[in-house]
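We're numbering straight along the sequence, starting at 1. Note that ligands are numbered from 1 as they come in the structure, with each ligand's atoms numbered from 1 the same way.
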Amino acid sequence: MANLSRLEDAIARGGYSALLDRVLITEEQLNRRVAELGAQISQDYAGKTPLLVCLLRGGVMFLADLMKHISAPHHVDFMAVSSYGVGARATRGQPRITLDLNTDVRGRHVLLVEDIIDSGHTIDHVLRLLQTREPASLRVCALLNKPARREVYVPISYLGFEIPDEFVFGYGLDLDEYFRNLPFIGVVKKEYQ
Ligand code: IMP
Ligand code: MG
């Protein structure tokens with residue numbers, strides 16, 4: 001677990017650069033891949049008016065960019081699931097829905113938009129819950145996948161990038177709630193992971 005005051009000291013001294021080991025995925029790479037995913041989704045869901053369900057908070061930047069590239073008519077809604085405590089690698093509890101959908105998903109083509117699939121427990125929990133509401137289809141679109149850490153199988157229909165087992169931040173992903181605003185994905189220095 002990251003030492004919070006050490007983390008905050010580092011942020012005060014140098015902003016994100018004090019925590020950054022290296023840039024893993026650049027802004028240009030993200031833009032290009034997100035546009036490709038949007039084009040693919042537009043094709044696959046043509047004529048279906050899918051409901052994009054964004055998992056807060058990490059998925060928000062990905063969703064916002066992805067939507068711009070989805071030419072097919074679609075709706076969006078939001079859910080929040082909490083499973084991690086404070087600290088980059090804080091031990092995980094049972095996933096808990098802290099914000100549920102406002103949309104009835106029965107008969108809808110639902111596409112879950114998630115920042116990263118790590119152990120898989122969060123998305124597995126959401127998939128099981130939404131399945132009970134009888135959507136017409138239910139798929140996952142994830143920006144990042146860390147296959148080395150998978151504990152439960154997750155079917156991923158659309159994937160941005162496969163990444164190694166390192167803690168990353170930026171582009172929606174946080175380090176103790178900081179740095180979701182960065183336009184790239186960076187690897188956190190080992191001493192802060
Ligand atoms: P899972 O339930 O283990 O698959 O965890 C998924 C959630 O953990 C994601 O939605 C993220 O919020 C968070 N997470 C997992 N890995 C990282 C990371 O490297 N950086 C930031 N957040 C992460
Ligand atoms: Mg998070």
Original post:
So which of V81, I116, L24 gets nearest to atom 11 (C) of ligand 1, if we judge by its closest heavy atom?
Top reply: I116
Subject >> ligand 1-proximal atoms of K146, by part, heavy-atom distance under 4.0 Å >> reply: side chain
**OP:** Check each of V76, I41, V34 against M67 using the side chain to side chain contact (heavy atoms under 4.5 Å, CB included) test, and report the only one that passes.
**Re:** V76
Original post:
Hey, does L111 have a side-chain heavy atom less than 4.5 Å from the side chain of L51?
Top reply: no
**OP:** Specify the closest pair of heavy atoms between L24 and Q29, including all atoms of both residues, with the distance to one decimal.
**Re:** O-OE1, 4.0 Å
Subject >> Name of the residue among R22, Q193, K146 meeting side-chain hydrogen bond (donor to acceptor under 3.5 Å, both in side chains) with E166 >> reply: R22
Original post:
Which ligand 1 atoms does D115 reach within 4.0 Å, using its non-hydrogen atoms?
Top reply: 9 (C), 10 (O), 11 (C), 12 (O)
Subject >> Atom pair CZ/CD1 of R128 and I123 - distance to nearest 0.5 Å >> reply: 12.5 Å
Original post:
For ligand 1, which atoms have a heavy atom of E114 less than 4.0 angstrom away?
Top reply: 10 (O)
**OP:** Taking only heavy atoms of T122 into account, list the atoms of ligand 1 that are under 4.0 Å away from them.
**Re:** 1 (P), 2 (O), 5 (O), 6 (C)
Subject >> Proximal ligand 1 atoms for G120, defined as those under 4.0 Å from one of its heavy atoms >> reply: 1 (P), 3 (O), 4 (O)
Original post:
Which is closest to atom 1 (P) of ligand 1 in terms of heavy atoms, S119, G186, P95?
Top reply: S119
**OP:** Check step by step if side-chain hydrogen bond (donor to acceptor under 3.5 Å, both in side chains) holds for D44 and Q40.
**Re:** CA-CA 6 Å; D44 295 353; Q40 187 64 55; 3.0 Å; yes
Original post:
Quick check, are the ring centers of F169 and F184 under 6.0 angstrom apart?
Top reply: no
Original post:
Can an N or O of V168 be found at a distance shorter than 3.5 Å from an N or O of ligand 1?
Top reply: yes
**OP:** Tell me, please: is F167 in heavy-atom contact with ligand 1, that is, under 4.0 Å?
**Re:** yes
Subject >> For D174, the ligand 1 atoms whose distance to one of its heavy atoms is below 4.0 Å >> reply: 21 (C)
